[in-house]
Amino acid sequence: MQNFIDAYSWINIRYLLQGLWVTVEVSVASIILSYIFGTILGIIRYANIKYVSAIVGFIIDLIRNLPLLLIIFFTYFGLPNLGFKPAIIEAAILAMTVFESMMIAEIVRSGIVAVDSGQMEGALSNGLSYWQGLRIVILPQAMKNMIPALVSQFISLVKDTSLATIIVLPEMMYHAQIIYGQNTNYIIPMFIALAVLYFIVCYALSLLAKYLDKRMSYR
Amino acid sequence: MIHIFATQWPLLLEGLGRTLLCSIIALFFSLIIGSLFAIFEIMPNKIMRVIGNIYVEVFRNIPLLVITMFFFVVIPLYVTKINGFTAGTIGLTIYTSAFIAETVRSGIQSVDPGQMEGAMSNGLTFWQSMRYVVLPQAFKIVIPPLGNQFINLVKNSSVLAFVAGFDLMYQGNMIANNTLQTMPTFFVVGILYLVITMPLSYYMRYLEKKLA
Amino acid sequence: MSMIEFHDVQKYYGDFHALKNINLTVEAGETVVLIGPSGSGKSTLIRTINGLEPIQKGQLIVNGYDLADKKTDPNKIRKNVGMVFQHFNLYANKTVLENIMLAPKIVLKRPDDENREFAMKLLDKVGLANKADSYPRQLSGGQQQRIAIARSLAMKPKCLLFDEPTSALDPEMIDDVLNVMKDIARDSDMTMLVVTHEMGFAREVGDRVIFMADGEILEDDSKETFFDGQPSNERARQFLSKIIVHK
Amino acid sequence: MSMIEFHDVQKYYGDFHALKNINLTVEAGETVVLIGPSGSGKSTLIRTINGLEPIQKGQLIVNGYDLADKKTDPNKIRKNVGMVFQHFNLYANKTVLENIMLAPKIVLKRPDDENREFAMKLLDKVGLANKADSYPRQLSGGQQQRIAIARSLAMKPKCLLFDEPTSALDPEMIDDVLNVMKDIARDSDMTMLVVTHEMGFAREVGDRVIFMADGEILEDDSKETFFDGQPSNERARQFLSKIIVHK
Amino acid sequence: ALSKRDVLQADKESNTITWGVKADTKLFGLMNVKTNQVEGFEIDLAKAMTKEILGKNGKAIFVPVTSQTRVPLLRNGNIDAIMATMTITPDRAKQVDFTRSYFNAGQAILVKKGSPIKSVKDLDKSGSVVLGVTGSNSVENIAKYAPKARVLQLSDYAQALTALKSGQGQALTTDNGILYGMSVENPGYTVVGGSFTKEPYGIAVNKGQDKFRHRLNKALTTLEKNGTYNRILKKWFGNVQGFNYEEMKR
Ligand SMILES: Nc1ncnc2c1ncn2[C@@H]1O[C@H](COP(=O)(O)OP(=O)(O)OP(=O)(O)O)[C@@H](O)[C@H]1O
Ligand SMILES: Nc1ncnc2c1ncn2[C@@H]1O[C@H](COP(=O)(O)OP(=O)(O)OP(=O)(O)O)[C@@H](O)[C@H]1O
Ligand SMILES: [Mg+2]
Ligand SMILES: [Mg+2]
């Protein structure tokens with residue numbers, strides 16, 4: 001019990017929250033970026049553009065089939081060989097963005113496929129071009145259907161930022177490790193604190209999703 | 001790179017085998033448990049719905065490592081001794097089943113409700129209708145997102161590395177540390193993961209096309 | 001004994017009052033046709049008979065069981081009361097034969113041989129013995145609907161409910177389905193409650209015609225009164241003229 | 001100038017020969033009704049006119065553009081040729097007014113004021129001015145179909161294609177949609193090609209009736225020949241008797 | 001290109017040396033959560049060596065590393081040298097160059113008080129499980145001294161100790177300094193049998209940086225001679241119960 005009281009000293013909690021802040025920063029940046037790139041890639045993959053879609057499809061498959069841990073590793077240590085030396089946080093955001101974009105691209109593709117094909121036919125026969133139909137009619141509907149899958153993915157993303165401890169990104173998991181490095185007895189209190197804090201952040205995300213889902217339902 | 005594989009293949013293959021074994025076991029059980037909780041979530045009985053909901057929300061929203069560590073260090077203190085491989089596999093199963101429950105639930109809900117009504121009015125009970133009519137159709141619908149979950153599962157099995165499960169990532173860490181050939185080692189490890197996940201994702205794509 | 005008895009039944013969807021004070025008795029062996037504008041509660045009414053929708057007030061006795069009683073297991077009723085839907089609702093993952101054999105096998109534990117034999121007899125009756133191994137999606141709408149009827153008959157029900165069984169069909173296909181239904185109606189043991197706008201069917205085999213609007217039963221006439229004597233209710237007359245005009 | 005000209009058109013879905021050697025000319029201002037059993041290729045035929053399905057052989061000239069020519073941008077044709085579908089296909093994410101205003105705004109760059117005014121005029125014409133701000137799913141099928149027609153008219157097309165516009169509707173709703181279509185047909189400038197089994201519509205405003213089966217055109221008669229003189233083709237006669245019998 | 005760069009020259013010009021250090025290892029290199037500064041024996045030693053090489057105004061920069069990242073970071077030039085509890089082994093010497101040892105750790109084992117295991121030899125039977133930490137070379141040593149035992153490597157010391165408490169193994173093995181630190185926090189556990197190997201920690205630099213390596217060795221010698229080394233040693237290990245720091249003096 002004493003371990004718990006000591007472990008949850010204000011100094012430790014503050015340090016953990018500093019880590020949480022980095023987790024949130026990296027997550028938000030990666031969510032925004034991967035949402036943008038993922039949508040673009042998903043559309044390209046769906047659209048059947050000669051060669052381009054096939055190549056994009058292969059890259060998506062390749063990257064989303066690799067453990068994120070390795071992608072983080074390669075981003076941080078491989079890129080300098082190509083002359084670009086990212087800072088730790090840049091490497092983390094970059095790696096998360098690359099990986100999550102591919103996951104989201106797949107979600108976007110299947111979301112578009114799921115929209116009733118009559119919607120596109122309606123748009124085409126109404127005189128809209130394929131791309132106008134996609135942008136104005138199909139995508140907004142696909143996005144609405146995709147919300148649950150997207151949110152699942154974003155929840156994974158938030159938790160996956162912890163993998164960046166491997167390159168010593170000062171996020172929450174790493175800070176927890178530092179704290180229980182001071183005293184090995186703090187490990188279980190720290191794991192409990194991690195569970196609670198991640199739960200709060202991720203659950204907030206899913207509540208947000210439910211709210212969006214309700215607001216977007218046009219009825 | 002070739003050198004790494006040439007000298008370290010026994011460890012790497014053991015790791016690959018363990019990763020594969022853990023994935024298959026976790027896949028099997030998380031599919032069953034996930035489907036069960038998915039059904040709970042849509043049952044007419046409110047208590048069951050709440051139970052299903054809590055399970056999914058809790059285990060989906062906390063990190064896999066925390067769940068796994070719980071089985072590795074807390075359960076042995078109070079319940080029974082389990083090794084890292086088992087603890088990792090259990091953790092992975094619980095974590096993945098929460099995601100699968102979400103996926104299957106949305107799949108069940110997208111099966112035409114007429115199917116359930118047809119079965120019920122034909123005299124089948126709720127559970128019989130689920131088992132014989134709705135679930136088989138739901139699985140067809142959820143194959144693409146389920147495929148995503150399977151691939152995630154294989155990759156998430158690297159959590160075994162944290163509890164000495166002797167999986168691919170664990171062996172990779174050891175080799176990297178002993179040889180200090182970090183980048184080449186992880187490159188080989190990455191390729192070995194692709195050996196499992198790529199065929200899986202192409203198979204999923206094939207199934208998706210075939211069942212469309 | 002009456003097969004179906006509604007006594008002052010009220011049904012709500014949330015705040016919406018879908019069935020208003022329904023009183024209706026259907027005797028065993030009768031064929032009753034239910035008509036009315038869209039949204040008037042026809043589907044709701046026949047779904048309550050099968051326990052697919054709970055009622056909030058009143059008494060609803062089907063085949064001797066009181067559905068308003070929470071302790072009644074609706075499955076007991078469903079074993080004897082079959083239902084045929086507008087969109088057929090065949091099991092998409094099973095072949096035609098499997099569709100027909102599933103419920104008797106699981107619910108009645110009918111032995112396989114007997115089950116198959118009876119299923120084939122029913123398929124023959126609806127004229128589709130050659131489609132036993134097809135999947136529903138390989139069949140036309142009219143064929144699917146005849147299979148759905150055979151599936152209901154496989155449980156040897158005392159009563160069959162039909163919810164617009166022909167309205168999703170191509171015009172060409174409607175005849176075949178109606179003919180199967182007429183055959184069943186002529187079998188004097190079967191009780192039938194049919195929501196349909198096929199007035200030809202009502203004329204030929206109906207015993208009574210019931211007109212609903214806004215959740216209420218406005219007319220309950222013998223076939224003769226309804227078609228020859230003109231319905232007494234103004235809305236019913238208006239409706240009747242509208243559905244016949246463009247045919 | 002003819003609005004639509006098929007010359008020896010062949011259309012395949014993979015190996016399946018869906019349109020067999022189609023020859024057909026529709027003059028500007030004509031109203032043509034297309035009938036035939038399910039699967040005969042009616043939908044396929046009118047979808048090719050709009051470039052929704054490519055053809056594999058022959059020449060298909062619509063409003064002066066050759067659709068068989070790969071260089072023709074089908075959008076050029078679609079600006080002048082509207083289409084109304086069985087399941088309406090209204091944009092689910094847009095209000096009624098937005099549905100009507102979208103294409104004129106984006107494709108024709110019609111100024112907002114003018115666009116809105118014209119849209120409201122059309123809504124008035126189809127009797128739904130009060131539904132401008134509803135979403136499609138809040139409307140009944142018949143209302144949705146009338147909106148879909150207004151949406152097509154908003155592009156001021158020279159030609160309108162209808163694919164079973166009333167077959168997904170409740171019987172009561174069919175009249176309203178048919179009345180709107182009759183109005184349009186009476187406007188002598190509009191070319192209309194209508195797949196429908198509503199023979200009342202064909203009798204009242206059709207100029208010609210075309211009967212298809214198995215991907216071929218078997219009859220192409222003036223309305224008078226078709227209804228009064230009896231179609232010469234045996235299958236067409238049979239079909240006609242079947243779709244009229246139970247009405 | 002990196003290997004051609006003269007690190008010593010570059011450091012002199014910038015008046016800084018960038019060290020890769022541990023941030024999660026008590027006594028050697030541990031982040032202080034209050035000040036956000038790394039503290040420990042290796043940190044102090046690195047600071048002293050920096051001043052020795054660059055003069056009074058020389059500045060030491062510390063980059064936290066883990067056992068997976070330290071070598072890639074060195075290779076990529078993010079850090080100039082690794083001082084992160086890195087044992088000199090022949091295999092590793094093929095990839096990086098080591099200085100002379102700056103700390104003679106020895107591997108020992110920690111067990112629950114009252115455990116029948118009194119030394120590493122008692123672990124040499126099938127069924128016995130020894131816990132270690134990824135990145136230390138404990139596996140190879142255990143294979144030598146207790147070949148029948150199985151070693152489980154966990155990702156950090158706290159996890160290894162917690163696993164020991166949960167009964168996932170009979171003993172925890174790593175370098176003695178760290179084990180003594182744990183036994184202070186956890187009175188129920190004790191180090192037994194003394195150290196059974198020598199684990200000389202060395203500073204790692206990139207291959208081809210001989211000038212820098214020689215300079216580091218020279219600085220280490222100076223600090224050993226002028227007593228700075230012993231002062232730092234005493235500061236960190238003087239109070240660790242059971243740890244015979246006198247023996248480690250230079
Ligand atoms: N599950 C439900 N929740 C809420 N309202 C419902 C539900 N089902 C039906 N309703 C409403 O109850 C009323 C009666 O519906 P019902 O489907 O019984 O009509 P119907 O006579 O069968 O119409 P139709 O001819 O279109 O099938 C309608 O206003 C409908 O909107
Ligand atoms: N996308 C497609 N791929 C393959 N075959 C198709 C496709 N669309 C239609 N067909 C086939 O082409 C034939 C003609 O179909 P079409 O939809 O044009 O018939 P229809 O006359 O409109 O029938 P209905 O009255 O049922 O609408 C049918 O046999 C159908 O199965
Ligand atoms: Mg209904
Ligand atoms: Mg069609």
Side-chain angles (χ1 to χ4, degrees), chain B residues 1 3-4 7-8 10-11 14-15 18 63-88 90-91 158-187 189-190, chain E residues 65-76 82 84-98 112 127 129-143 150-156 158-170 172 202 204 206-207:
Chain B
M1 239 179 71
H3 171 75
I4 291 284
T7 53
Q8 308 286 347
L11 287 182
E14 189 196 341
R18 293 267 191 152
L64 171 58
L65 178 59
V66 173
I67 301 172
T68 302
M69 270 311 209
F70 177 81
F71 281 95
F72 188 61
V73 302
V74 180
I75 293 295
L77 276 182
Y78 302 105
V79 190
T80 176
K81 208 186 142 186
I82 44 177
N83 63 26
F85 182 83
T86 314
I90 294 175
S158 61
V159 77
L160 287 188
F162 288 90
V163 289
F166 293 89
D167 69 316
L168 198 47
M169 190 60 81
Y170 180 84
Q171 307 288 13
N173 277 334
M174 283 216 311
I175 295 168
N177 268 307
N178 293 338
T179 62
L180 293 191
Q181 306 241 46
T182 319
M183 290 295 281
T185 304
F186 281 124
F187 209 89
V189 167
Chain E
V65 299
T66 64
S67 26
Q68 281 117 337
T69 61
R70 55 193 178 189
V71 173
L73 282 173
L74 183 68
R75 289 254 166 82
N76 285 342
I82 302 169
T85 63
M86 191 170 176
T87 306
I88 305 170
T89 69
D91 266 350
R92 289 174 175 177
K94 286 180 201 153
Q95 304 297 326
V96 293
D97 277 346
F98 285 106
K112 202 181 171 110
V129 178
V130 186
L131 300 160
V133 170
T134 322
S136 69
N137 48 322
S138 18
V139 186
E140 285 155 65
N141 292 330
I142 291 294
R150 185 169 165 80
V151 182
L152 303 183
Q153 302 196 47
L154 294 156
S155 46
D156 57 49
Q159 286 184 25
L161 180 67
T162 313
L164 179 68
K165 289 179 182 170
S166 306
Q168 294 287 4
Q170 287 88 50
L172 195 172
N206 272 319
K207 291 259 175 211

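None of these values were measured; they are calculated from a predicted model. Labels below follow one simple rule: chain letters A, B, ... track the order of the sequence lines, proteins then strands, and each chain is numbered from 1.
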Region of E:Val151 in contact with chain B, defined by heavy-atom distances below 4.5 Å = backbone
Answer with yes or no whether the side chains of E:Gln168 and B:Asn83 bring together a donor and an acceptor at under 3.5 Å.
->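 Their side chains do not contain a donor-acceptor pair, so the 3.5 Å distance test is not met.
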Kindly determine whether E:Asp91 and B:Leu180 satisfy side chain to side chain contact (heavy atoms under 4.5 Å, CB included), including the steps that lead there.
-> CA-CA 8 Å; E:Asp91 266 350; B:Leu180 293 191; over 6 Å; no
Of all heavy-atom pairs between E:Ser166 and B:Pro76, which one has the smallest distance, and what is that distance?
->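 In terms of heavy atoms, the two residues are closest at O-CB, 3.3 Å.
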Write down the atom of B:Phe166, the atom of E:Arg150, and the distance for their closest heavy-atom approach.
-> CE1-NH2, 3.1 Å
B:Gly84, B:Ala164, B:Ala87: which one forms the most heavy-atom pairs within less than 4.5 Å of chain E?
-> B:Ala164
Options B:Asn173, B:Val74, B:Ile75, B:Thr185, ranked by heavy-atom pairs under 4.5 Å with chain E, top entry = B:Asn173
Spacing of E:Arg70 atom CZ and B:Thr182 atom OG1 [to the nearest 0.5 Å] | 9.0 Å
Rounded distance (nearest 0.5 Å) linking atom CD of E:Gln95 with atom CD of B:Gln181 |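 Rounded to the nearest 0.5 Å, the CD-CD separation comes to 4.0 Å.
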Could you tell me which portion of [X] (side chain, backbone, both or neither) has an atom closer than 4.5 angstrom to a non-hydrogen atom of chain E?
{"X": "B:Tyr170", "result": "side chain"}
{"X": "B:Ala161", "result": "backbone"}
{"X": "B:Thr179", "result": "backbone"}

Give the intermediate values and the outcome of side chain to side chain contact (heavy atoms under 4.5 Å, CB included) for residues B:Phe72 and E:Leu154.
-> CA-CA 11 Å; B:Phe72 188 61; E:Leu154 294 156; 3.8 Å; yes
Over 12 non-hydrogen atoms of neighbours within 6.0 angstrom of CZ in B:Phe85 | yes
Please examine the side chains of B:Met69 and E:Gln159, heavy atoms only from C-beta on, and report whether any two atoms are closer than 4.5 Å.
-> yes
